[in-house]
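Notes for the one structure printed next.
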Amino acid sequence: MHRDARVAIILLMKGILYKKEHEREFFELVHNSFGEISDYFNTIGLEVMVSENDGFAYLKNMAFDEEDEALPKLINSRELSFKVSLLCVILREKLAEFEMQSDNEIAVISAEEIVERLLVFMESEFNEIKVKREIDATVKKVEDLGFLRKIRNHENLYEIKSAIKAFVDAQWLEDFDRKMQAYKEAKQWS
């Protein structure tokens, strides 16, 4: 196995592999060693998912038929908090707007816009310090998930990563939109 293929395997094990950040390894994964890399992960019950158009790849648990003997799940599903889910929806909607209207290479959102959009769903009377801490923790969690990245040399700007499209799809958005309306009407943040 080529060195770049082995590096691609390691990067996939760490999280989402972006073409922009690891072009050689992404090329190796998609064009030269997909079968070999895919076989490697299949032995432990993982499937390699690639979005060549959007330039990212990630791992997910394989789906097993009922007659197949399923392996234990290596990747745990995580229930996202309301705040994290809300920010993911905001980012997904912002990315969709960007793709329809912008000529820029990357989708960008400011820290101020994140705060502004989240404040709509918060109680009218709140502790400003507590809210800032909660928003910072929410942004950090979404960064850890690989959907948001602080832009170097720009204190208040974040890049919205394209992989969010694979995780926050149309059905997920539709379901969450109903929940958001209920929270918006109740002005609750939980």
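Nothing here was measured: the structure is a model prediction, and the numbers come from that model.
The structure places OG of Ser51 at 6.5 Å from NZ of Lys165, a figure rounded to the nearest 0.5 Å. Atom CG of Leu59 is separated from atom CG of Leu11 by 11.0 Å, given to the nearest 0.5 angstrom. Taken to the nearest 0.5 Å, the CD atom of Glu159 stands 10.0 Å off from the CG atom of Leu95. Separating the CE atom in Met49 from the OG atom in Ser38 is a distance of 10.0 Å, to the nearest 0.5 Å.
When the side chains of ILVMFWY residues are joined at heavy-atom separations under 4.5 Å, either directly or via intervening members, Ile164 and Leu157 end up in two distinct hydrophobic clusters. Hydrophobic clustering (ILVMFWY, side-chain heavy atoms < 4.5 Å, transitive): Ile151 and Ile90 are in distinct clusters. Neither Phe27 nor Tyr40 shares a network with the other; the hydrophobic side chains, linked directly or stepwise wherever heavy atoms of I, L, V, M, F, W or Y lie under 4.5 Å apart, form separate groups for each. In this structure, Phe82 is a member of the same hydrophobic cluster as Leu145, with clusters built from ILVMFWY side-chain heavy atoms closer than 4.5 Å.
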Please determine whether side-chain contact (heavy atoms from CB on, under 4.5 Å) holds for the pair Leu148 and Ile114, giving the CA-CA distance in whole Å, both sets of side-chain angles, and the decisive distance to 0.1 Å.
CA-CA 11 Å; Leu148 195 60; Ile114 291 172; 4.2 Å; yes
Hey, mind stepping through Ile160 and Val108 against side-chain contact (heavy atoms from CB on, under 4.5 Å) and telling me if it holds?
CA-CA 6 Å; Ile160 303 169; Val108 175; over 6 Å; no
Pair Ile37-Leu12, side-chain contact (heavy atoms from CB on, under 4.5 Å): steps then yes or no
CA-CA 10 Å; Ile37 291 171; Leu12 282 167; 4.3 Å; yes
Please step through side-chain contact (heavy atoms from CB on, under 4.5 Å) for the pair Leu118 and Val131, ending with a clear verdict.
CA-CA 10 Å; Leu118 289 175; Val131 169; over 6 Å; no
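For the pair Lys161 and Tyr18, the distance from NZ or CZ to the six-membered ring centre is under 6.0 Å and the angle to the ring normal is within 45 degrees.
The two residues Val115 and Ile135 come nearest to each other via the heavy atoms CG2-CG2, 4.0 Å. Pairing each heavy atom of Lys20 with each of Ile106, the nearest pair is NZ-CG2, 2.7 Å. Here the closest non-hydrogen pair linking Ala163 and Ile16 is CB-CD1, 3.7 Å. Between Glu47 and Met62 the shortest heavy-atom distance is N-CG, 3.8 Å.
In this view, Glu113 and Lys94, Arg117 satisfy the salt bridge (Lys or Arg N to Asp or Glu O under 4.0 Å) rule, not counting sequence neighbours. Here Glu52 pairs with nothing under the salt bridge (Lys or Arg N to Asp or Glu O under 4.0 Å) rule; sequence neighbours left out. With sequence neighbours left out, the side-chain hydrogen bond (donor to acceptor under 3.5 Å, both in side chains) criterion links Asn42 to no other residue. In this view, Lys19 satisfies the salt bridge (Lys or Arg N to Asp or Glu O under 4.0 Å) rule with no residue, not counting sequence neighbours. Here Ser33 pairs with Glu28 under the side-chain hydrogen bond (donor to acceptor under 3.5 Å, both in side chains) rule; sequence neighbours left out. Residues satisfying the side-chain hydrogen bond (donor to acceptor under 3.5 Å, both in side chains) criterion with Asp39, sequence neighbours excluded, are absent altogether.
Sparse packing is recorded around CD of Glu23, with 12 or fewer heavy atoms of other residues, nucleotides or ligands lying under 6.0 Å away. For NZ of Lys132, the number of neighbouring non-hydrogen atoms (other residues, nucleotides, ligands) closer than 6.0 Å is 12 at most.
In terms of modelled atom types and a separation under 3.5 Å, the side chain of Arg24 and the main chain of Asp4 share no donor-acceptor contact. A side-chain donor-acceptor contact under 3.5 Å links Ser162 to the backbone of Asp54.
Contact check for Val50 versus Phe26: side-chain heavy atoms found under the 4.5 Å cut-off. Inter-residue side-chain proximity for Val7 and His22 is flagged as unmet; no heavy-atom pair is nearer than 4.5 Å.
For the ring pair (Phe, Tyr, Trp, His ring centres under 6.0 Å) criterion with Phe147, the lone passing option out of Phe167, Tyr158, Phe56 is Phe167.
Under the 4.0 Å criterion applied to side-chain N and carboxylate O atoms, Asp136 and Lys140 are not assigned as salt-bridge partners.
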